[in-house]
Protein chains: 2
Amino acid sequence: MATKEEHILLHAEQIIATQGYNGTSVRDIAAKAKVNISMISYYFGSKEKLMEALFKWRMDSGIHFAQEILENPDYSEVEKIELILYNYVNRVKKLKNFYLIMQTQQVISQNKIINDLLKNYRLRYIQLLQLLIESGQEKGIFKNNPNLFFIHTTLTGTLFNAINGMQLYKDFADDEVSKLSEAKFKDYYFENLFIHLKSLLKNLLGYENK
Amino acid sequence: MATKEEHILLHAEQIIATQGYNGTSVRDIAAKAKVNISMISYYFGSKEKLMEALFKWRMDSGIHFAQEILENPDYSEVEKIELILYNYVNRVKKLKNFYLIMQTQQVISQNKIINDLLKNYRLRYIQLLQLLIESGQEKGIFKNNPNLFFIHTTLTGTLFNAINGMQLYKDFADDEVSKLSEAKFKDYYFENLFIHLKSLLKNLLGYENK
DNA sequence: ATAAAAATCAAACAAATGTTTGATTGAATT
DNA sequence: AATTCAATCAAACATTTGTTTGATTTTTAT
């Protein structure tokens with residue numbers, strides 16, 4: 001994708017994340033990206049197609065990493081699932097704004113293309129988990145047989161919900177933590193989030209620490 | 001609250017849940033509720049104040065039940081926390097549409113009153129969990145000391161995310177389940193969701209089955 | 001039955017919306 | 001240097017938006 005389109009998408013993402021798709025006008029986007037209003041139609045065709053372009057752009061690179069980990073024979077099942085989880089957490093941390101948009105679009109999107117992208121994203125992630133968990137169960141590494149679908153619901157739900165909760169977490173943290181810089185606090189927050197999610201997985205699947 | 005206002009709120013809730021606040025016009029609401037457009041201003045003052053009224057209306061009855069359970073000396077900590085969880089799950093099941101709205105507003109709301117309501121709702125729930133967990137830890141019923149904030153994030157996140165996943169779950173379920181009626185399937189889904197959440201809590205807090 | 005109050009209505013309002021137009025500028029190609 | 005193509009712009013467009021108006025109907029109270 002050309003650099004000008006990315007420039008617009010980048011700014012659109014920021015503003016749509018905080019105001020929502022319907023709460024953001026093409027004039028808002030144009031102003032934020034410092035381009036003429038007509039450039040949105042010029043580059044994307046319409047506001048709706050800009051949104052579709054944003055989703056295609058951001059979701060493209062999504063599953064590849066996890067797929068590679070899954071096929072790598074050098075890792076154990078425990079290592080694989082924790083690596084995939086770690087990657088997921090870091091992706092959400094890095095693409096915070098996009099995952100906020102995903103969260104709202106999952107509820108209210110009427111756009112078929114976006115709905116299909118969202119559905120496929122979920123399906124692939126669940127199937128990936130399924131392969132990994134079944135493999136671990138066969139080898140006796142995972143002792144439990146939990147509900148696959150709800151595991152995914154919990155991982156994704158916790159991650160999504162955690163993005164909204166960052167500010168509130170600061171109020172709960174002790175003085176040391178709340179004095180951290182914005183970036184340092186973000187690191188701290190997502191590190192603890194990862195630890196929490198790891199412990200969830202460990203209990204759900206029933207495996208021992210390495 | 002008078003019955004006519006409730007009538008409007010009820011229909012507004014339905015349509016805002018599927019289209020979002022900004023994606024729903026007062027004409028949409030008026031049409032759905034079969035009232036004249038000007039009735040929205042007449043009864044609520046404005047579209048925004050209608051939204052505030054919806055939040056006040058639905059969130060009012062929220063925490064009372066949990067508070068009563070907490071103060072009841074007849075229950076053990078394990079019973080208390082599972083009762084509160086059960087009540088929470090059923091509330092989400094019953095007020096599905098409102099919790100969908102909550103989910104999106106948590107991300108994009110610019111309304112101070114709604115933001116404050118949402119924040120207080122979270123805070124009270126976390127504090128309630130804190131009291132319960134500390135009490136259980138003192139008595140040695142809860143063996144672990146997990147991150148309180150992230151427990152709440154997981155419970156709420158799982159529940160919220162589960163609302164969106166209901167349809168997808170049907171695709172994963174076996175024939176028997178997918179043949180169920182809409183209402184029966186909803187019962188089945190939320191029952192399994194409750195079991196899943198209970199198992200999460202049990203592992204996180206570290207207690208044994210009754 | 002009459003007066004007062006509450007509820008409903010179609011119509012109008014200004015403002016904001018997404019998109020298109022047609023002219024103008026800039027860069028690349030011949 | 002002339003021509004072609006891509007990019008940018010201010011202005012205009014038809015709709016849709018939330019809200020208000022002022023008249024009319026319905027309900028309530030006297």
Side-chain angles (χ1 to χ4, degrees), chain A residues 1-57 101 104-105 107-115, chain B residues 1-57 97 101 104-105 107-115 117:
Chain A
M1 179 172 294
T3 177
K4 197 58 178 275
E5 272 132 321
E6 277 186 353
H7 169 84
I8 294 173
L9 286 181
L10 218 49
H11 287 89
E13 185 182 49
Q14 277 183 50
I15 197 160
I16 292 173
T18 53
Q19 303 186 353
Y21 172 74
N22 286 313
T24 305
S25 68
V26 293
R27 281 167 182 81
D28 289 338
I29 297 170
K32 181 109 191 161
K34 291 185 179 172
V35 297
N36 189 278
I37 316 164
S38 59
M39 290 297 100
I40 271 86
S41 297
Y42 182 74
Y43 281 110
F44 299 100
S46 67
K47 185 194 175 188
E48 199 177 0
K49 281 181 188 156
L50 176 145
M51 191 69 162
E52 292 168 10
L54 175 64
F55 269 78
K56 283 173 188 159
W57 181 48
I101 298 174
T104 61
Q105 290 304 300
V107 178
I108 63 166
S109 171
Q110 321 258 6
N111 181 297
K112 180 156 173 30
I113 291 179
I114 290 175
N115 284 340
Chain B
M1 181 173 293
T3 178
K4 196 56 177 279
E5 273 130 320
E6 278 187 354
H7 169 84
I8 294 173
L9 286 181
L10 218 48
H11 287 89
E13 184 181 51
Q14 277 183 49
I15 198 160
I16 292 174
T18 53
Q19 304 185 353
Y21 173 74
N22 286 315
T24 305
S25 68
V26 292
R27 281 168 183 81
D28 289 338
I29 297 170
K32 182 108 191 162
K34 291 184 178 171
V35 298
N36 188 277
I37 316 165
S38 59
M39 289 299 99
I40 273 85
S41 297
Y42 182 74
Y43 281 111
F44 300 99
S46 68
K47 185 193 174 190
E48 199 176 359
K49 280 182 189 156
L50 176 144
M51 190 70 162
E52 292 167 10
L54 175 63
F55 269 77
K56 282 173 189 159
W57 182 47
N97 282 330
I101 297 174
T104 61
Q105 290 304 301
V107 178
I108 63 167
S109 171
Q110 321 259 6
N111 181 297
K112 181 158 172 28
I113 291 177
I114 290 176
N115 284 340
L117 281 171

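Computed from a predicted model, the values in this text were never measured in an experiment. Chain A is the first sequence line, chain B the second, and so forth, proteins listed ahead of strands; every chain is numbered from 1.
- Across the protein-nucleic acid pair, A/Asn22 atom CG and C/dA16 atom P stand 18 Å apart, rounded to whole Å.
- C/dA6 atom C1' lies 11 Å from atom NZ of B/Lys4, rounded to whole Å.
- Under the rule for a ring-ring contact (aromatic ring centres under 6.0 Å, His included), the partners of B/Phe55 that lie at least two apart in sequence or sit in another chain are B/Phe98.
- For A/Asn36 and A/Ser38, the side-chain atoms include at least one donor-acceptor pair closer than 3.5 Å.
- In this model, the phosphate group of C/dT19 is not approached by any side-chain N or O of A/Tyr42 to a distance below 4.0 Å at OP1 or OP2.
- Rounded to whole Å, the distance from NZ on B/Lys47 to P on C/dA15 is 19 Å.
- Residue-level contact check: B/Ser41 touches the bases, meaning some heavy atom is under 4.0 Å from a base atom.
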key: Stepwise side chain to side chain contact (heavy atoms under 4.5 Å, CB included) test for B/His11 and B/Ile29   = CA-CA 7 Å; B/His11 287 89; B/Ile29 297 170; 5.7 Å; no
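- The nearest whole Å value for the distance from the CD atom in A/Gln19 to the C1' atom in C/dT17 is 14 Å.
- One interatomic measurement links the two molecules: CD1 of A/Ile40 to C1' of C/dT17, which rounds to 13 Å at whole-angstrom precision.
- Where A/Asp28 and A/Ser38 each meet DNA chain C at their nearest nucleotide, the meeting point lying more 5' is that of A/Asp28.
- To the nearest 0.5 Å, atom OH of residue A/Tyr42 and atom NZ of residue A/Lys4 are 10.0 Å apart.
- With a cutoff of under 4.0 Å to any heavy atom of chain A, the contacted region of DNA chain D is bounded 5' to 3' by D/dA6 to D/dA12.
- For the pair A/Met39 CE and C/dG18 P, the interatomic distance rounds to 16 Å; values are reported in whole Å.
- Contact check for A/Ile101 versus A/Met51: side-chain heavy atoms found under the 4.5 Å cut-off.
- Rounded to whole Å, the distance from CZ on B/Phe44 to P on C/dT8 is 12 Å.
- Between the side chain of A/Lys47 and the main chain of A/Tyr21, a donor-acceptor pair closer than 3.5 Å is present.
- The separation between A/Arg27 atom CZ and C/dA16 atom P is 10 Å, rounded to whole Å.
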request  = Give the C-alpha distance, both sets of side-chain angles, the deciding distance and a yes or no for side chain to side chain contact (heavy atoms under 4.5 Å, CB included) between A/Lys56 and A/Ile113.
outcome  = CA-CA 9 Å; A/Lys56 283 173 188 159; A/Ile113 291 179; 4.1 Å; yes
